[in-house]
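All values below were derived from every heavy atom in this structure, side-chain atoms included, with hydrogens, water molecules and symmetry-related copies excluded. Please read all numbers here as calculations on a predicted model, not as lab measurements.
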Amino acid sequence: MQIVFIGPPGSGKGTQCQMLAGVLGIPHLSTGELLRRTRGRSPLGDLVSSYIDRGCLAPDFLILPLVMRLLEQQDFASGCLFDGFPRTVYQAGYLRGHLASIGQQVSVVLHLNVDEEELVSRLEARAVLEGRADDHRSGISQRLKIYRRRTEPVLAFYHNSGLVCEVDGQQSPDDVHRAIMAKIQGLLGT
Ligand code: AMP
């Protein structure tokens, strides 16, 4: 299964992907994590940091080869839990083309809905706990702005194919997980 998570920063995509990866045995691909791992290691890593720290999207010439190289690995043959990708309509089209070239397609898009006040308080708490450089106040509002402008249109892209499932991400992580599992079991007819 190719499962795409879409939701603003702080909506719980990473947590839900980790929980689902354990149950479904499908690998979790977090592009944010992938980029954070390259930072500070090379001139390319420094370039990556400059985008992440400002809360801006990394350019496609950096992100697309990284993602495509991973998807070609054997681990991803059974599918992928996409966390943070695609983040633009261009990336969504690119992913569709790549999957079509291997005879596959996105199975479902899980849209995690969380209201803005809750997102800001979760991200501020994460800044204290994990010390992520982009979780400071101006970084948070920039990332939310970019989400609305660049990533929400990805939902419209997938809506046209009837792939989007709405999930109430405001609930506890366990309740969100249960809601997601119910939707996936419905899709699998189990
Ligand atoms: P995340 O961990 O998903 O919140 O991502 C952290 C940061 O990594 C984002 O604010 C972007 O700077 C960058 N990033 C992650 N995924 C992408 C993507 N698909 N396209 C461009 N930039 C990305």
Side-chain angles (χ1 to χ4, degrees), residues 1-9 11-38 44 48 51-52 57-114 143 146-169 173 176-190:
M1 284 188 105
Q2 310 287 351
I3 302 179
V4 171
F5 277 81
I6 296 197
S11 58
K13 300 185 296 296
T15 304
Q16 292 305 321
C17 281
Q18 277 169 19
M19 293 167 96
L20 214 52
V23 179
L24 299 179
I26 298 177
H28 169 200
L29 168 52
S30 158
T31 44
E33 203 45 54
L34 204 60
L35 292 173
R36 277 187 289 280
R37 266 189 256 136
T38 67
L44 186 68
V48 166
Y51 289 98
I52 297 184
L57 293 186
D60 287 332
F61 77 85
L62 285 175
I63 193 85
L64 291 174
L66 279 177
V67 173
M68 295 307 137
R69 211 177 306 140
L70 262 186
L71 292 181
E72 279 158 14
Q73 291 179 8
Q74 188 54 31
D75 297 359
F76 289 89
S78 64
C80 181
L81 300 170
F82 290 95
D83 165 8
F85 185 90
R87 240 176 167 102
T88 63
V89 170
Y90 180 80
Q91 291 180 1
Y94 199 92
L95 178 63
R96 174 179 285 177
H98 170 80
L99 292 176
S101 75
I102 53 169
Q104 296 206 25
Q105 57 187 26
V106 167
S107 319
V108 65
V109 175
L110 296 165
H111 175 211
L112 294 182
N113 274 303
V114 177
R143 277 152 66 221
I146 288 189
Y147 175 78
R148 306 281 175 230
R149 207 173 63 221
R150 307 285 310 277
T151 308
E152 273 185 350
V154 177
L155 287 170
F157 174 96
Y158 286 123
H159 258 302
N160 299 335
S161 336
L163 289 171
V164 181
C165 269
E166 298 294 334
V167 178
D168 175 5
V176 175
H177 176 68
R178 270 190 282 276
I180 289 174
M181 281 308 293
K183 288 185 195 293
I184 288 175
Q185 279 158 352
L187 277 175
L188 293 172
T190 52

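Atom OG1 of Thr151 sits about 6.0 Å away from atom CG of Leu57, to the nearest 0.5 Å. Between the CD1 atom of Ile180 and the CG atom of Asp168 there is a distance of 10.5 Å, given to the nearest 0.5 Å. Going from atom NE2 of His28 over to atom CG of Leu20 covers 10.0 Å, rounded to the nearest 0.5 Å. Rounding to the nearest 0.5 Å places CD of Glu152 at 13.0 Å from CD1 of Ile146. Summarising the geometry, atom CG belonging to Asn160 is positioned 11.0 Å from atom CG belonging to Leu155; distances are rounded to the nearest 0.5 Å. Here the straight-line distance linking atom CD of Gln2 with atom CZ of Arg96 works out to 13.5 Å at 0.5 Å rounding.
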Test side chain to side chain contact (heavy atoms under 4.5 Å, CB included) applied to Met19 and Val176, step by step
CA-CA 10 Å; Met19 293 167 96; Val176 175; over 6 Å; no
Between Leu188 and Met1, does a side chain to side chain contact (heavy atoms under 4.5 Å, CB included) hold up when you go through it step by step? CA-CA 10 Å; Leu188 293 172; Met1 284 188 105; 4.1 Å; yes
Check against side chain to side chain contact (heavy atoms under 4.5 Å, CB included), Val106 and Phe82:
CA-CA 10 Å; Val106 167; Phe82 290 95; 5.8 Å; no
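Minimum interatomic distance between Met181 and Val23 (heavy atoms only, all atoms of both residues): CE-CG1, 3.8 Å. The shortest non-hydrogen separation linking Arg143 to Pro9 is NH2-CB, 3.5 Å. Taking every heavy atom of both residues into account, Ala58 and Leu35 meet most closely at CB-CD1, 3.9 Å. In terms of heavy-atom proximity, Asp83 sits nearest to Cys17 at CB-SG, 3.7 Å. The two residues Leu163 and Ser107 have their closest heavy-atom pair at CD2-O, 3.5 Å.
For His111, the side-chain hydrogen bond (donor to acceptor under 3.5 Å, both in side chains) partners at least two apart in sequence or on another chain are Glu166.
By the 4.5 Å heavy-atom criterion applied to side chains, Gln16 and Leu110 are not counted as neighbours. Between Leu71 and Leu29 there is a side-chain heavy-atom pair separated by less than 4.5 Å. Contact annotation: the side chain of Leu66 never approaches that of Thr31 to less than 4.5 Å [non-hydrogen atoms, C-beta and beyond]. Between Ile3 and Leu24, some side-chain heavy-atom pair lies under the 4.5 Å cut-off. You'll find the side chain of Val109 stays beyond 4.5 Å of the side chain of Val154, heavy atoms only. Using a 4.5 Å cut-off on side-chain heavy atoms (C-beta onward), Arg36 and Val48 make no contact.
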Just distance, no hydrogens or angles: give the donor-acceptor pairs under 3.5 Å from side chains in residues 84-95, sequence neighbours left out.
from: Arg87; atom 1: NH1; to: Gly84; atom 2: O; distance (Å): 3.1
from: Thr88; atom 1: OG1; to: Gln91; atom 2: N; distance (Å): 3.0
from: Gln91; atom 1: OE1; to: Arg87; atom 2: N; distance (Å): 2.8
from: Gln91; atom 1: NE2; to: Asp60; atom 2: OD1; distance (Å): 3.0

Donor-acceptor list for residues 74-81 side chains, cut-off 3.5 Å, not counting sequence neighbours:
none

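No more than 12 heavy atoms of other residues, nucleotides or ligands shown are found within 6.0 angstrom of CD on Gln105.
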